[in-house]
A.B. asks: 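Questions regarding the structure given below will be posed in turn.
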Amino acid sequence: MENSTQVTERIEQLRAQLNHHNYRYYVLDDPEISDAEYDTLMRELEQMEAEYPSLLTPDSPTQRVGAAPVEAFGVVEHPLPLLSLGNVFDREELGGWYTRIVKLLGEQPSNFVCEHKIDGLAVALTYVDGQLIIGATRGDGLRGENITQNLRTIRSIPLSVSKEAPPRFEVRGEVFLPRTGFAKLNRERAEEGLPLFANPRNAAAGSVRQLDPRITAKRPLDMYIYMLGYAEGRPTPPTHWEGMEYLKSLGFKVNPNSRLLNSIEEVEGYYQTWVNERESLSYEADGIVVKVDSLEWQERLGDVGREPRWAVAYKFPAIQGITRLKEIRISVGRTGTLNPYAVLEPVAVGGVTIKQAALHNEADIRRKDIRKGDMVVVQRAGEVIPQVVGPVVSKRTGEEKEFSLLEAIFDKEKERPACPECQAEVVKLEGEAMYYCSNAACPAQVKERIEHFTSRGAVDIRGIGENLSSILFEQGLVKDIADLYDLKKKKGQLLKLEGMREKSAGNLLKAIEESKDRPLSRLIFALGIRHVGGETAELLAKHFGSIDRLAEASREGLLTVPSIGPKIADSILAFFRQEENKRIIQRLKDAGVSPEEEEAGLEGLPLAGQEFVITGRLDTSSRSEAEARIKALGGTVKSDITRKTTYLVAGAEPGSKLARARALGIKQLTEEEFLKLLGEKA
Ligand code: IVH
């Protein structure tokens with residue numbers, strides 16, 4: 001593009017389109033285009049901005065995650081304090097709140113807005129001249145932390161709004177992790193041996209308070225706006241409800257489950273509905289918030305201390321139960337961690353019977369003073385394993401016994417603490433809370449490693465769950481992860497397993513073959529290196545580009561990767577130093593599992609970032625030649641169509657992939673078009 005007005009226009013057009021599609025996807029949950037089309041627009045904008053850096057603006061959709069980590073967060077003084085809420089727990093208490101406000105107002109307020117009280121953290125966003133300039137936590141209500149860089153990574157937060165908006169205004173709302181994101185994060189943390197987040201609120205707070213915004217960007221955070229803080233320079237609506245409608249029209253995400261109601265009876269009805277339905281929500285809510293709708297009445301009611309009189313939180317009953325902790329047992333995790341867990345007298349909590357619950361580590365058990373024989377409070381949060389919150393001290397009889405991990409695993413014959421599964425010695429690493437089984441060949445560890453390797457976030461071999469990986473291990477068919485790729489030579493033995501038919505064995509072997517194509521980051525994660533979870537694996541894959549380069553990395557080299565500290569670096573070094581691991585990796589490579597990171601070093605190549613799937617017979621070359629040519633030009637070849645697929649190359653007699661590509665709106669190429677793209681045909 002020669003002409004600079006043309007360039008500016010195209011950039012503006014791309015930004016407007018991307019903002020629009022971003023809004024459709026993240027705010028309305030109703031996308032109009034495929035991910036691939038979105039990526040194409042994004043790529044074009046990125047390229048143009050790289051070519052014309054002077055035209056780059058901070059509110060460009062390319063600039064959500066740009067900033068380098070900060071040393072510490074700055075402090076933001078809130079011009080108007082962020083209040084908290086008083087609580088009520090039942091109908092009577094709600095009635096008490098209502099009676100007080102009727103008395104103060106001298107009349108009955110007719111309109112209430114009811115909203116969900118989401119379990120996240122309060123955040124204030126300030127916009128000046130249509131641009132997001134500050135995003136801050138609540139802090140103590142008067143002063144919060146400046147977490148703007150991190151909040152910019154949340155796609156449902158607009159970086160800029162219409163010029164029609166007030167020249168300066170602040171909105172407030174709740175940043176949260178949806179249940180699935182929370183469960184996934186905790187699963188990963190458990191695998192890395194990190195302490196779990198007790199609830200979505202802590203997880204959301206931990207995520208936005210990362211010094212490196214790139215980590216925040218990976219967490220699936222979302223935000224619902226729940227009030228207008230203040231607005232200057234332009235009038236805003238006189239009621240809360242209309243205010244929310246107004247903010248929606250400016251592009252903010254407002255919870256669609258909020259309702260405008262006319263009486264306190266209706267408020268009670270709304271509450272009862274959600275007490276029963278709360279589990280169906282995609283986020284965790286711990287109650288509802290009832291707000292007097294008229295802002296004038298809000299003003300008249302005012303605040304007491306840090307709480308407004310015009311609003312109240314009506315809390316849901318906790319999903320908790322009380323039961324006896326019969327015993328504390330120890331399980332052995334994939335990296336050898338010795339994990340205590342509670343065996344409980346079965347108790348129904350929110351419709352589910354709980355028999356076991358997590359107890360993170362010995363220090364945690366001591367801190368909460370949980371003893372064997374205690375009556376304990378157990379709680380379910382999100383989709384994670386139930387947790388023991390703490391003991392009910394008033395119910396103690398004096399018979400309860402304090403827990404000591406070393407005593408629990410003391411082996412009388414060996415006269416020392418021993419792994420409960422393989423009796424090997426246990427070790428405790430400096431500065432860590434966990435004890436480990438020192439035997440890498442411990443059957444419990446190996447079983448867990450195989451299961452982890454095949455799991456969804458790892459190389460994803462469908463059909464091998466906890467059960468089958470256990471059976472394969474116990475029958476001696478799979479003794480380590482590399483053995484999985486030899487299973488095809490052992491089909492006879494496979495078919496002898498109980499319940500295994502020709503068809504299921506075939507499906508299993510096919511799934512194992514397909515798992516060879518997973519991206520490098522998934523393979524790194526799948527190896528189960530201590531302290532290397534999904535996020536770290538992605539950073540490593542991007543940085544090193546191949547397993548070999550990662551295996552050869554020096555300590556210094558590892559430490560140059562953002563957010564990799566000495567603990568992770570040492571763990572990676574130790575992993576690749578072990579002969580057994582070296583052998584396994586070599587065998588994986590021999591079996592054809594050695595992905596390269598797609599983007600490393602490929603930028604600038606014509607097919608960089610483009611993903612191909614080939615189906616049917618090609619006339620001018622074999623499948624493997626075609627694959628090699630794509631790879632040589634920086635593209636990648638996958639066996640399955642996904643939303644990320646850029647092109648389906650359809651040869652003669654294409655298979656079912658064609659229909660799938662059509663359904664997903666993926667572009668198809670004939671062999672001729674494909675050759676043109678490779679530049680081999682004019
Ligand atoms: S209104 C002046 N609305 O609950 C009113 N708060 O203790 C203050 N929260 O930290 C807040 N959902 O982060 C309001 N729909 C909602 C909410 C909500 C969650 C949180 C908020 C605050 C706490 C109040």
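Read the numbers this way: they start at 1 and go in the same order the structure lists the ligands and their atoms.
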A.B. asks: Going by the order shown, which atoms of ligand 1 are within less than 4.0 Å of some heavy atom of L83?
C.D. replies: 2 (C), 8 (C)
A.B. asks: With a 6.0 Å cut-off on ring centres, are F252 and Y246 close enough?
C.D. replies: no
A.B. asks: What I want to know is whether E115 and ligand 1 share at least one N or O pair that is separated by under 3.5 angstrom.
C.D. replies: yes
A.B. asks: Between ligand 1 and R172, can you find any atom pair, the residue atom being a heavy atom, that is separated by under 4.0 Å?
C.D. replies: no
A.B. asks: Heavy atoms only: which of F176, Y224, Y226, W310 is nearest to atom 6 (N) of ligand 1?
C.D. replies: Y226
A.B. asks: How are the rings of H452 and F525 set to each other: parallel, tilted or perpendicular (split at 30° and 60°)?
C.D. replies: perpendicular
A.B. asks: Without swapping roles, check the side chain of R234 against the backbone of E164 for a donor-acceptor pair under 3.5 Å.
C.D. replies: yes
A.B. asks: If you look at every heavy atom in L261 and C114, which pair is closest and at what distance?
C.D. replies: CD1-SG, 3.7 Å
A.B. asks: Hey, looking at atom 7 (O) of ligand 1, which of V254, L82, D286, L85 has the closest heavy atom?
C.D. replies: L85
A.B. asks: Give the ring-plane orientation class for Y283 versus F176, where under 30° counts as parallel, over 60° as perpendicular and anything between as tilted.
C.D. replies: perpendicular
A.B. asks: Any atoms of ligand 1 less than 4.0 Å from a non-hydrogen atom of E174? List them with their elements.
C.D. replies: 9 (N), 13 (O), 19 (C), 20 (C), 21 (C)
A.B. asks: What atoms in ligand 1 come closer than 4.0 Å to a heavy atom of A122?
C.D. replies: 10 (O), 13 (O)
A.B. asks: Taking the side chain from S280 and the backbone from E277, do they hold a donor-acceptor pair closer than 3.5 Å?
C.D. replies: yes
A.B. asks: With a 3.5 Å distance limit and no angle check, can you tell me whether K395 reaches the backbone of D374 through a side-chain donor-acceptor pair?
C.D. replies: no
A.B. asks: Heavy-atom contacts with R138 under 4.0 Å: which atoms of ligand 1 show up? List them by number with element.
C.D. replies: 10 (O)
A.B. asks: Should K291 be listed as contacting ligand 1, given a heavy-atom distance under 4.0 Å as the test?
C.D. replies: yes
A.B. asks: Which atoms of ligand 1 are found less than 4.0 Å from any heavy atom of P308?
C.D. replies: 2 (C)
A.B. asks: Pull out every atom of ligand 1 sitting under 4.0 Å from any heavy atom of H116, numbered as shown with elements.
C.D. replies: 12 (N), 15 (N)
A.B. asks: Is a side-chain N or O of R143 found less than 3.5 angstrom from the main chain of E77, in a donor-acceptor match?
C.D. replies: no
A.B. asks: Counting non-hydrogen protein atoms only, what is the nearest one to atom 4 (O) of ligand 1? Give residue, atom name and distance.
C.D. replies: K117 CE, 3.3 Å
A.B. asks: In this structure, does ligand 1 have an atom that sits under 4.0 Å from one of the heavy atoms of A311?
C.D. replies: no
A.B. asks: Would you call the rings of Y270 and H116 parallel, tilted or perpendicular, where under 30° means parallel and over 60° means perpendicular?
C.D. replies: tilted
A.B. asks: In terms of atom number and element, which parts of ligand 1 are under 4.0 angstrom from non-hydrogen atoms of I118?
C.D. replies: 12 (N), 19 (C)
